Amino acid sequence: MEIIHVSAECYPVAKAGGLGDVVGALPKYQCKAGDIAKVVMPMYRTKFLYENEWDVDFKGSANLGNWYFDFTVIKERTNKLGFDLYLVDINGLLDRQKIYGYDDDAERFTAFQIAVVNWISNWEHRPDIVHCHDHHTALIPFMMQYCYAYQFLANVPTVLTIHNGQYQGWMGWNKSTYIPSWDLWKRGMLDWAGNINPLASGVKCAGKVTTVSWSYMEELRVSANGLEQLFEYEKGKCIGILNGIDNEVWDPSTDTYLDHHFSIKSVTKGKEKNKEILCEQFDLDASKPLFVFIGRLVGEKAAEILPDAIKTAIFNTQGNASFLILGSGDTSVEWAFQQMAGEFKGIFNAVIGYDEKLSHKMYAGADFLLMPSRVEPCGLNQMYAMRYGTVPIVRSTGGLKDTVLDMGDFEGYGIRFDQATVHDIDYSIGRGVSVYQDKKHMEWMRKKMMSIDHSWEGTVNQYKEVYLSLK
Ligand code: ADP
Ligand code: GLC
């Protein structure tokens, strides 16, 4: 089976969050399982582009409204990632360093999608599945079915995976001319609440819709940033498939970012050594339990209540815990963390920015990982943490609920709470500080978590079933 994944991110080419991790891993494991999976994404100006060799695969041209543009599709020469990787270059739109956050993102990603469909329509054969990820690629199922130029792709099955339903790519109807000449009777397939809504369009037009955990699938019918009724109506074609993690990239016994490798057997000693180095680097006391947070500093992650929650915990635990933050996002939260690093020297520290290497060192050296997320479609951090023997402290939502069992439950190994409030977070940190004193219990939980299988090998079959149901 030949599957072409279309995405805005793919690790290690370009990553802003978990979407990149998933699109960098899922195709690799699909290829290992015997299918042909490929990835096509925008050609941003990233390090990966300059450090690798490429062949030109296709040159084409198209229109975005009145704007005529040329595009080039290049292919990575060595199959380095374990799957064929294609990048689409559109000068003036995609040739930027960052993935998102530009005023013309609507134009950038619409032009990208047009180029992709144009490219696929020029293949000598048809792929078996076009698999789109999130709103940046969610207009493709519509284009394949209702744009006159691409209608001979109408029978190619499409799948849309929703990694985050909060962002939908809304555009005013004044931008409808961007979409190549289409059947105007199908206006309803683009519209939601008076706007062009790419995510809603993808849900309506794709053959199957998946989300990245079972609980998130259910939650979308109740809370989906305005699309609740759509998910209720389309529930027959929607399915939750829990993400896996790339056990080759995330392996504490081989991870090249770590100073000390460890396995289940050597977890206690191994984590201790990694923790010592981390604490020394950030001026923290390694004899105290270390709580870390890694992620985007945004409302979805409940990042803005973390400063108050941690201050309360520092007070209530009488300074008997250390905290380290790695993240970037809302400037007010960044500022609050920087202030705290000055105020609570030796107890609290924060790195504002994005640092892949440090994140690995933190998963390895920390005792606890905080994830108070308000919305978490799957969450990979908690799974990485568990693979590195770090106890996740999570709010019971989405994928966090599906992957973490509270230590108060039978054979439980994590800490769960219900509300994204200062009280619940502080209380959960308190539970962490108490269990940390019980070395035997900590070791049991670490070993238990590390033995859980979150690998993609188990998950690719579920996608295969979805694809086969569309044939
Ligand atoms: P989301 O995609 O919503 O941000 P996930 O938990 O699915 O959340 O994935 C986040 C991914 O991004 C993980 O691989 C995490 O380690 C990484 N990450 C997030 N913020 C940072 C950061 N500041 N530095 C390094 N890695 C980060
Ligand atoms: C999104 C979600 C996150 C999920 C990731 C990968 O970024 O916010 O919960 O883990 O996609 O699917």
Side-chain angles (χ1 to χ4, degrees), residues 5 7-12 14-26 99-100 131-137 160-168 199 209-217 219-220 223-225 240-247 249-250 255 257 292-303 306 324-330 333-334 337 350-364 366 369-388 390 392 394-395 397-404 454 456 459 463:
H5 290 274
S7 172
E9 297 179 35
C10 173
Y11 178 80
K15 162 178 166 183
L19 169 64
D21 286 346
V22 171
V23 178
L26 170 61
I99 304 174
Y100 317 110
H131 191 151
C132 305
H133 296 265
D134 273 353
H135 75 83
H136 320 97
T137 63
L160 171 68
T161 294
I162 299 176
H163 298 260
N164 196 331
Q166 294 297 107
Y167 306 99
Q168 300 168 4
L199 192 75
V209 176
T210 71
T211 60
V212 288
S213 70
W214 317 294
S215 290
Y216 187 56
M217 187 85 261
E219 287 168 14
L220 282 174
S223 167
N225 210 359
I241 300 180
L242 189 68
N243 281 334
I245 59 172
D246 190 335
N247 277 347
V249 175
W250 298 91
D255 189 331
Y257 288 137
V292 301
F293 172 90
I294 301 166
R296 297 180 289 121
L297 302 178
V298 296
E300 263 175 68
K301 305 281 178 191
L306 268 181
L324 182 60
I325 307 288
L326 168 62
S328 61
D330 295 349
V333 183
E334 292 181 353
F337 283 139
V351 176
I352 304 302
Y354 189 94
D355 188 335
E356 192 77 26
K357 182 174 180 180
L358 177 58
S359 76
H360 285 239
K361 285 171 174 276
M362 288 169 69
Y363 290 119
L369 174 93
L370 293 166
M371 280 186 92
S373 311
R374 292 197 172 88
V375 182
E376 199 59 84
C378 177
L380 299 172
N381 296 22
Q382 82 281 11
M383 293 198 264
Y384 298 147
M386 292 194 269
R387 177 116 169 106
Y388 285 62
T390 299
V394 305
R395 189 172 94 77
T397 186
L400 300 175
K401 202 158 118 185
D402 294 347
T403 51
V404 177
H454 282 126
W456 276 110
T459 303
Y463 279 105

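Ligands are counted one by one from 1 in listed order, and the atoms in each one are counted from 1 as well. Quick note: residue numbers are just sequence positions, from 1. This is a predicted model, so every value here is computed, not measured.
Remark: His133 engages His5, His131, His163 in a ring pair (Phe, Tyr, Trp, His ring centres under 6.0 Å) (not counting sequence neighbours). The ring pair (Phe, Tyr, Trp, His ring centres under 6.0 Å) search around Trp214 returns none, not counting sequence neighbours. Scanning for ring pair (Phe, Tyr, Trp, His ring centres under 6.0 Å) contacts around Tyr388 gives an empty result, with sequence neighbours left out.
Residues Ile245 and Asn243 have side chains not in contact (no heavy-atom distance under 4.5 Å, counting atoms from C-beta outward). No side-chain heavy atom of Thr459 sits less than 4.5 Å from a side-chain heavy atom of Leu242. Looking at Tyr167 and Asp134, their side chains never come closer than 4.5 Å, going by heavy atoms from C-beta outward.
Remark: side-chain polar atoms of Glu334 are paired, donor with acceptor, to backbone N or O of Gly329 under 3.5 angstrom.
Here the heavy atom of the protein found nearest to atom 18 (N) of ligand 1 is Tyr354 CE1, 3.8 Å. In terms of protein heavy-atom proximity, atom 4 (O) of ligand 1 is nearest to Arg296 NE, 2.8 Å. Ranking the protein heavy atoms by distance from atom 14 (O) of ligand 1 puts Asp21 OD2, 2.7 Å first. Here the protein heavy atom with the shortest distance to atom 24 (N) of ligand 1 is Asp355 N, 3.0 Å. Counting only heavy atoms of the protein, atom 13 (C) of ligand 1 lies nearest to Asn381 OD1, 3.3 Å. Nearest protein heavy-atom neighbour of atom 23 (N) of ligand 1: Gly353 O, 2.8 Å.
The 4.0 Å heavy-atom shell around ligand 2 contains residues Gly18, Leu19, Val22, His163, Asn164, Val212, Asn243, Glu376, Pro377, Cys378, Gly379, Leu380, ordered by chain and number.
The distance from ligand 1 to the heavy atoms of Tyr363 drops below 4.0 Å at these ligand atoms: 15 (C), 16 (O). Of all atoms in ligand 1, listed by their number and element, those nearer than 4.0 Å to a heavy atom of Lys301 are 1 (P), 3 (O), 4 (O), 8 (O). Every atom of ligand 1 is numbered from 1 in the order shown, and the set under 4.0 Å from a heavy atom of Gly327 is 23 (N). Ligand-side atoms of ligand 1 in range of Gly295: 19 (C), 20 (N), range being under 4.0 angstrom from any heavy atom.
Between Ser213 and Pro377, the shortest heavy-atom distance links the atoms OG-O, 2.6 Å. Residues Ala303 and Arg296 share a closest heavy-atom pair of CB-O, 4.4 Å. Looking at every heavy atom in both residues, Leu199 comes nearest to Gly165 through CD2-CA, 3.9 Å. Across all non-hydrogen atoms, the minimal contact from Ser373 to Thr397 is O-CG2, 3.5 Å.
Any N or O atom pair closer than 3.5 Å counts here, and Leu19 shares no such pair with ligand 1. Between Gly18 and ligand 1, at least one pair of N/O atoms sits closer than 3.5 Å. Ligand 1 has no N or O atom lying under 3.5 Å from any N or O atom of Gly379, backbone or side chain. No N or O atom of Tyr384 sits closer than 3.5 Å to an N or O atom of ligand 1.
Here the rule is side chain to side chain contact (heavy atoms under 4.5 Å, CB included) with His454, and of Gln382, Met383, Arg387 only Met383 fits it.
Within the 4.0 Å heavy-atom cutoff, Gly20 does not count among the residues contacting ligand 1. Ligand 1 has Lys15 within reach: a non-hydrogen atom of the residue lies less than 4.0 Å from it.
Ring planes of Tyr463 and Trp456: tilted class, angle from 30 to 60°.
Looking at Asp246 and Tyr11, their side chains never bring a donor and an acceptor atom within 3.5 Å of each other.
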